[in-house]
Each structure stands twice: as structure tokens, then as C-alpha cells.
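Data block below; observations after.
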Amino acid sequence: MNDTERDGAQVSTGTTADATAEAAGIPELVIISGMSGAGRSTAAKCLEDLGWFVVDNLPPALIPTMVDLGARSQGNVARIAVVVDVRGRRFFDNLRESLADLESKKVKRRVIFLEASDDALVRRFESVRRPHPLQGSGRIVDGIAAERDLLRELRGDADLVIDTSSLNVHELRAKLDAQFAGEEEPELRATVMSFGFKYGLPVDADLVVDCRFLPNPHWVPELRPFTGLNEEVSGYVFNQPGAKEFLDRYTELLQLIAAGYRREGKRYVTIAVGCTGGKHRSVAMSEKLAHRLVSEGVETVVVHRDMGRE
């Protein structure tokens with residue numbers, strides 16, 4: 001070891017080999033944030049069950065220190081998950097500075113943002129008869145609005161946004177298991193979600209595709225009872241002018257986007273494919289698109305949000 005003077009104090013510094021070894025021991029980091037009542041605690045427990053070292057409500061300024069401690073654990077703390085929320089709002093302004101510090105240290109980090117609709121959040125707070133942490137003397141909706149404003153920038157920078165409005169605890173755990181349970185971390189993971197425009201846009205979508213330019217099998221009596229998973233319905237959809245060309249060209253576009261996501265370190269993408277009711281065209285297109293992504297080496301999960309809802 002070599003000794004050097006820094007700011008009047010004697011600091012011990014390692015050799016190049018020591019530095020390489022320490023860098024190799026830098027743990028992975030996941031930052032869990034999002035709206036109060038959207039499921040942060042469930043997400044934290046899920047990662048803990050998967051072997052992550054979880055710290056709840058850690059001030060953002062201390063995140064780099066936690067990562068440094070993990071790096072010194074000789075591999076005993078290889079994966080750290082930190083829950084950051086508005087309970088530590090006076091420290092929240094330090095988060096961006098901490099993330100920049102982690103980036104300079106080449107720390108492999110991801111941000112999960114848990115989202116939910118105002119209606120869902122209000123119902124959850126009312127069911128437990130607890131105030132929103134930011135509502136003060138106002139209403140629950142006032143606290144929710146203040147929190148959305150505070151977290152807006154972080155949501156935009158998140159690697160993975162999960163909308164829990166219509167999810168129960170088990171469904172949320174299943175989503176997180178699908179993303180984090182694998183032994184080997186893939187370069188890019190995709191969720192292809194079919195949906196119906198009449199039920200609203202998925203708030204956690206990164207990209208939205210509209211299939212309403214294709215004729216609707218709903219108006220074909222013998223096809224109406226079935227879904228886009230049916231071979232006859234799928235065949236009808238892809239025999240329409242422009243359907244196959246759209247699939248080919250959108251797949252090419254996704255190849256371009258995926259390459260950019262990888263360069264930027266974004267590892268999760270949710271592609272929402274919509275039609276009127278989320279039963280026929282969007283389901284058929286989602287299945288074909290997911291198959292194309294898998295063939296390109298992208299680990300893909302297919303979700304049919306509104307199928308069977310009518």
C-alpha cells in the first residue's frame with residue numbers, strides 16, 4: 001500500500017491491482033421510488049426475497065457511501081436495493097448529485113418507479129385511514145399532486161416504470177420476479193402489452209403502437225367471440241393490406257431504438273400495442289411483435305391488459 005497526503009490527512013491508497021479488485025467488487029444498485037401507496041414496500045420485500053440487500057428510506061446523499069461499504073464486503077453484499085421516497089424529502093434534492101457520483105464510479109445502477117392512478121392511490125390511503133405524507137392540512141389528492149410534481153423528473157429518468165393501479169400484491173411480485181429473478185442479466189428486457197384505447201393508455205408505456213388502421217375482426221360474426229390468440233383471428237389480421245409491412249418496419253425501428261437504449265444503459269422497455277377494445281388486432285400484433293423481439297435476442301414478456309374485459 002502507498003500513503004499520500006490529502007487535505008492535511010494521511011490517506012492510504014491501493015495499487016492498480018487493488019483498485020481493479022475493488023472495482024470488480026462494486027455491487028449492483030437498484031433505487032426503488034415512486035408514488036406513496038403505489039407498492040414500494042412490496043417491491044422492496046420482493047427484491048429482498050431474491051437475495052438483494054434492501055435499505056428502506058435511505059437519504060439519497062448516503063447512497064454512494066452504502067455502495068462503497070458494499071464494495072468492501074468482499075462479495076458478501078453484491079446487490080443493493082435502496083428505497084427513496086418523500087419521507088426523506090429534505091434529502092431528495094441530493095439524489096441527482098448522488099446518481100452523478102455513482103455514474104462517475106461506473107456503478108451499475110437502475111431506477112424502478114412505481115406509479116398508480118390518483119383514484120387508486122386515494123382508495124388505498126382511505127382503506128388504511130392514513131394521511132398522505134405530503135397532504136399537510138389539505139386533502140389526500142393535494143398530497144398526491146405535490147408528490148407527482150416532486151417526482152416528475154425522476155420518473156422521466158427511470159429505467160423501469162410499473163403501473164400498479166390494477167395490480168394486486170401477487171401480480172406486482174410476479175412482474176418484479178420476471179425482471180430480476182434471472183441469474184444472468186440480459187442486455188435488454190421488453191414487455192409487449194396489448195390494450196384497448198377505450199380503456200385508456202397504459203401509463204407505464206415507453207412506446208405506443210396503434211393498430212386501429214387495420215379492419216376490426218369484431219365486425220366479422222364468426223371471429224367476434226375469439227381473441228387475437230386464435231389462429232383464424234391472427235390470420236385475418238395479417239392478411240389485411242399493410243399489416244405485415246407494418247410489423248416488418250416497426251421491428252426495424254425497434255432494432256434502432258433498442259441499440260440506442262443499450263448505449264444509454266436503459267435495460268427495460270414497455271411497448272404498448274393498442275386497438276379499440278384490446279381483444280383482436282392488438283393481441284395478434286403483440287404476439288407477432290414479441291416473437292420478432294425474441295428472435296433478435298431481446299428477452300420479452302407479453303401481457304394482454306384488456307383481453308377478456310368486455
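This one's a predicted model, so the numbers in the text were calculated from it and none came from an experiment.
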- Query: Is the CD atom of Q255 crowded by more than 12 outside heavy atoms at less than 6.0 Å?
  - Reply: yes

- Item | Identified side-chain contact (heavy atoms from CB on, under 4.5 Å) counterpart of C275 within the set S286, S282, P217 | S282

- Message: Quick test of your reading of the model: are R79 and E28 salt-bridged, counting only N-O distances below 4.0 Å?
- Response: no

- Query: Have E147 and S36 got a donor and an acceptor in their side chains that come within less than 3.5 Å?
  - Reply: yes

- How long is the span from the CG atom in L253 to the CG atom in D248, to the nearest 0.5 Å? 13.0 Å

- Side-chain (S73) to main-chain (G70) donor-acceptor, under 3.5 angstrom: yes

- Non-hydrogen side-chain atoms of L254 and E296 separated by less than 4.5 Å: no

- Can you name the nearest heavy-atom pair linking I80 to V77, along with the distance? CG1-CG1, 3.5 Å

- Query: In this structure, are over 12 heavy atoms from other groups packed under 6.0 Å from R309 atom CZ?
  - Reply: yes

- Shared ILVMFWY cluster between L29 and M66, side chains joined below 4.5 angstrom? yes

- Item | Interatomic spacing from CG in D68 to CG in L62 - rounded to 0.5 Å | 11.5 Å

- Go through V54 and I32 one step at a time and tell me if the side chain to side chain contact (heavy atoms under 4.5 Å, CB included) criterion holds. CA-CA 10 Å; V54 178; I32 302 170; 5.6 Å; no

- Query: Can F246 be reached from I271 by stepping across I, L, V, M, F, W or Y side chains whose heavy atoms are under 4.5 Å apart?
  - Reply: yes

- Query: side chain to side chain contact (heavy atoms under 4.5 Å, CB included) between L167 and I162: does it pass, once the steps are laid out?
  - Reply: CA-CA 10 Å; L167 300 180; I162 300 177; 4.1 Å; yes

- Item | Contact check, side chains of W52 and P27, non-hydrogen atoms, under 4.5 Å | no

- Item | Minimum heavy-atom distance between Q135 and H132, given as atom pair plus value | OE1-N, 2.6 Å

- Evaluate the side-chain proximity of H280 to Y236: yes if any heavy-atom separation is below 4.5 Å, no if none is. no

- Salt bridge E115-R148, side-chain N to carboxylate O under 4.0 Å: yes

- Go through the steps to decide whether V298 and R292 satisfy the test side chain to side chain contact (heavy atoms under 4.5 Å, CB included), and finish with yes or no. CA-CA 9 Å; V298 178; R292 293 285 186 92; over 6 Å; no

- Given T270 and D206, is the side chain to side chain contact (heavy atoms under 4.5 Å, CB included) satisfied, shown in steps? CA-CA 5 Å; T270 298; D206 297 295; 3.9 Å; yes

- Item | Enclosure of E222 CD (heavy-atom neighbours >12, cutoff 6.0 Å) | yes

- Give, for atom CZ of F53 and atom CG of N76, the distance between the pair rounded to the nearest 0.5 Å. 11.0 Å

- Message: I want to check something: taking the side chain as every heavy atom from C-beta on, are H218 and T276 in contact at a cut-off of under 4.5 Å?
- Response: no

- Message: Contact between M307 and L229 at the side-chain level, heavy atoms closer than 4.5 Å - yes or no?
- Response: yes

- Are there more than 12 heavy atoms of other residues, nucleotides or ligands under 6.0 Å from atom OH of Y250? yes

- Message: If I take atom CE from residue M285 and atom CZ from residue F238, how far apart are they, to the nearest 0.5 angstrom?
- Response: 4.0 Å

- Over all atoms of both residues, closest heavy-atom pair of V302 and E287: CG1-OE2, 3.6 Å

- Flag this pair as yes if the NZ/CZ of R305 is under 6.0 angstrom from the six-membered ring centre of Y199 and inside a 45 degree cone about the axis; otherwise no. no

- Item | For E171 against N168, the heavy-atom pair lying closest together | N-OD1, 2.7 Å

- Task: Is it possible for you to say whether V301 and V269 belong to one hydrophobic cluster, with membership spreading through side-chain heavy-atom contacts below 4.5 Å?
- Result: no

- Do V208 and F195 touch side chain to side chain, with heavy atoms closer than 4.5 Å? yes

- Query: Any side-chain heavy atom of I26 sitting closer than 4.5 Å to one from K106?
  - Reply: no

- Message: Less than 3.5 Å apart, any donor N or O on the side chain of S117 or D119 sitting next to an acceptor on the other?
- Response: no

- For L154, does its backbone N or O pair with a side-chain atom of D157 as donor and acceptor, under 3.5 Å? no

- Message: Ignoring hydrogens, what is the shortest heavy-atom contact between L47 and A81? Give both atom names and the distance.
- Response: CD1-CB, 3.8 Å

- Query: What distance separates R124 CZ from T164 OG1, expressed to the nearest 0.5 Å?
  - Reply: 4.0 Å

- Message: Within the supplied structure, the quantity of interest is the number of heavy atoms (other residues, nucleotides, ligands) at a distance under 6.0 Å from R224 CZ; does it exceed 12?
- Response: yes

- Shared ILVMFWY cluster between F197 and V283, side chains joined below 4.5 angstrom? no

- Are any of the side-chain heavy atoms of L114 and T42 separated by less than 4.5 Å? no

- Task: Identify whether the distance between the nearest side-chain nitrogen and carboxylate oxygen of R40 and D56 falls below 4.0 Å.
- Result: no

- Taking NZ, NE, NH1 and NH2 as the nitrogens, is one of them in D101 or K105 under 4.0 Å from a carboxylate oxygen of the other? yes

- Which atom pair, heavy atoms only, marks the closest approach of L214 to Q240? CD2-CB, 4.2 Å

- Query: Is it the case that one hydrophobic cluster holds both V273 and L201, taking links as side-chain heavy atoms less than 4.5 Å apart, direct or via other members?
  - Reply: no

- Once you round to the nearest 0.5 Å, how far does OG of S165 lie from CG of D118? 9.0 Å

